[in-house]
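Below is one structure, written out as structure tokens; comments come after it.
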Amino acid sequence: MSPTPTVPDASLADARRVMERCDELATYSAMPDGIERVYLSPEHARVDAVAEGWMREAGLETWQDAAGSRVGRLEGATPGLPALILGSHLDTVPDAGRYDGILGVLTSIEVARRLAPRASELPFAIEVYAFHEEEGVRFGATLLGSRALAGTWTDDLWPLEDAHGVTLEQAFRDFGLDPARVGEAAKAADEVVGYLEAHIEQGPYLEAAGLPLGVVTSIAGARRFGITVTGEARHAGGTPYPRRKDALVGASEAVVAIERIGKERDVIATVGRLTVQPGAVNIVPGQAEFSLDLRAETDAARDSAWTEIEAALTEICERRGLTLTVNQLHGAHSVACAPALMDAVAAGIQEATGTTDTPMAMWSRAGHDAMAVADLCDIAMLFTRCHDGISHAPDESVLTEDVALAIDAFEDAVWAVARERRSDG
């Protein structure tokens, strides 16, 4: 990675504490040789208890909300003011890195610790959220903790099952939560000033530019599909090519077409899973199922790409005598960050890095809790570079110096929001 600007010793000390805590949280895992923490699991309970201790140490009043998120609150100039929320998530994908989400939560706690001695100067309260089930690993539904905060939790979530057949409703009860009270996690719009989230970039652009921090302009809108190509399973030796309806070959052509369209349209189109039936070496595949994760900076760009992809897949299957079935599994609108909060983040970066240069602005290709919180209030995000853009993998890596700058910038962003709120009177 490129060198960072000079960082004060005190900031480096704070960053080292955050890095050590990232290492500590990495030990709470369902995997013996990796990191995995899923929603409403024993590991969720353990990291929640640890986060509770760190929030109290930082001077926050803390509680677990009705959806299982850990919340810490620092009162402002007077008790009961609306809150500026800082947060991210503590759940992980399987075999995860130690910074995705986690770094944002710990940065928020560290900023709250710094703010505590001057809390009487704040025209709002500070609330730190450690969300869970951002990733959607256990029940296949993402952003559940942040959706509960935003009041967009829906009853059709309760029957969802994990890999062991445990429903979300039962997991709630087993964890000690009451499904009937999940609505209590929601806040009203007048209780919130806005939401700021710090996160690793999960991409290579900051590193390529030699920059430690960036401002997020928007978060990609995503659609996820389960696609099935059905042909005819027959003996491989006895079926000549003109008689074959090979589902795997058709699916393979479809995957290549998806990649081509994604590149041509500058959208993100990823096939991450493909399974074949019957799956024997001497049988022409009768069915192939694959996933498609489609993302773009705008919903219009994403949906236009899907129209072309669907047409291409239809043509491939018709030409090969195959049947195409498409099931949309997930849809999320793109979310724009609020200009005033983006300006606060940019001002924070300039202050922390000691430059008047305009910070790098970028749209987030990955989804974040901020997407769900945007249904409640204005949002903005700060990105910290990560080595080679690697994320969702054990090789996730960040520089301690970059983390120090991120903490400084995030704190400065809070003060920028405070100045703006005072000026609005």
Side-chain angles (χ1 to χ4, degrees), residues 11 14-15 17-18 21 48 51-65 69-90 101-131 145-146 148-150 185-199 337-338 340-345 347-349 351-352 368-370 373-374 376-382 403 406-424:
S11 298
D14 292 346
R17 176 168 47 248
V18 166
R21 288 175 171 180
D48 180 76
E52 177 185 11
W54 290 338
M55 287 182 182
R56 292 191 187 282
E57 181 185 36
L60 306 180
E61 176 191 0
T62 182
W63 65 92
Q64 187 177 72
D65 79 4
S69 296
R70 173 57 51 180
V71 188
R73 182 176 171 96
L74 178 69
E75 296 291 353
T78 58
L81 290 171
L84 177 65
I85 299 175
L86 316 178
S88 196
H89 63 96
L90 293 180
I102 289 83
L103 185 63
V105 173
L106 298 183
T107 295
S108 298
I109 294 173
E110 194 63 30
V111 166
R113 185 188 67 79
R114 291 185 179 185
L115 293 171
R118 298 178 58 189
S120 61
E121 301 175 36
L122 291 170
F124 43 69
I126 295 292
E127 289 190 354
V128 175
Y129 268 75
F131 295 114
S146 44
L149 167 64
K187 285 187 176 294
D190 61 3
E191 297 179 287
V192 182
V193 171
Y195 174 79
L196 300 178
E197 181 168 356
H199 207 283
C337 293
L341 292 181
M342 286 174 56
D343 288 346
V345 172
I349 293 174
E351 181 71 21
H368 302 285
D369 285 300
V373 183
L376 171 67
C377 63
D378 287 346
I379 60 103
M381 293 189 68
L382 168 78
V403 173
I407 297 169
D408 289 350
F410 213 48
E411 180 190 10
D412 290 333
V414 172
W415 289 115
V417 176
R419 289 191 296 271
E420 178 66 22
R421 190 164 178 85
R422 287 193 203 98
S423 68
D424 289 343

> Please walk me through it: do Phe124 and Val417 pass side-chain contact (heavy atoms from CB on, under 4.5 Å)?
Replying inline: CA-CA 10 Å; Phe124 43 69; Val417 176; 3.9 Å; yes
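- In this structure, CZ in Arg21 is found 14.5 Å from CD1 in Ile102, a value given to the nearest 0.5 Å.
- Of all non-hydrogen atoms in Leu122 and Leu81, the two that sit nearest each other are O-CD1, 4.1 Å.
- Leu86 is listed as a side-chain neighbour of Val414, based on a closest heavy-atom distance under 4.5 Å.
- Here the closest non-hydrogen pair linking Ala406 and Leu382 is O-CD2, 3.7 Å.
- Side chains of Ile379 and Cys337 form a contact here, defined as non-hydrogen atoms less than 4.5 Å apart.
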>> Let's go through Asp14 and Arg113 carefully: what are the C-alpha distance in whole Å and the side-chain angles of both, what is the deciding distance for side-chain contact (heavy atoms from CB on, under 4.5 Å) to 0.1 Å, and is it a yes or a no?
In response: CA-CA 10 Å; Asp14 292 346; Arg113 185 188 67 79; 3.0 Å; yes
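- Applying the side chain to side chain donor-acceptor pair (under 3.5 Å) test to Ser88 and every residue at least two apart in sequence or in another chain returns Glu197.
- Remark: Leu115 CG to Glu411 CD distance equals 5.5 Å, nearest 0.5 Å.
- Comment: Arg114 does not engage Asp412 in a salt bridge, judged by the lack of any side-chain N to carboxylate O separation of less than 4.0 angstrom.
- Nearest heavy atom pair, residue Ala112 against residue Val128, reads CB-CG2, 4.0 Å.
- The minimum heavy-atom distance linking Ala51 with Leu90 is given by the pair CB-CD1, 4.2 Å.
- With rounding to the nearest 0.5 angstrom, the CG atom of Asp369 is 8.0 Å from the OG atom of Ser69.
- Counting only residues at least two apart or in different chains, salt bridge (charged side-chain N to carboxylate O under 4.0 Å, His left out) contacts with residues 71-80 comprise Arg73-Glu75, Arg73-Glu127.
- Across all their heavy atoms, His89 and Val105 have their closest contact at N-CG2, 3.6 Å.
- With rounding to the nearest 0.5 Å, the separation of OH in Tyr195 from NE2 in His368 is 9.5 Å.
- A heavy-atom distance below 4.5 Å is found between the side chains of Phe131 and Leu149.
- The CZ atom of Arg56 sits 12.5 Å away from the CD1 atom of Ile109 when rounded to the nearest 0.5 Å.
- In this structure, Arg118 satisfies the cation-pi test against Trp415, with its NZ or CZ atom closer than 6.0 Å to the six-membered ring centre and inside 45 degrees of the ring normal.
- The shortest side-chain heavy-atom distance between Val345 and Met381 does not fall under the 4.5 Å cut-off.
- To the nearest 0.5 angstrom, Leu74 atom CG is 11.0 Å from Leu84 atom CG.
- Between Arg419 and Glu351 there is no salt bridge, since no side-chain nitrogen of the basic residue lies less than 4.0 Å from a carboxylate oxygen of the acidic one.
- His199 and Gly101 get closest at one heavy-atom pair: NE2-N, 3.4 Å.
- Checked by atom type and distance alone, the side chain of Thr62 pairs as donor or acceptor with a backbone atom of Val71 at under 3.5 Å.
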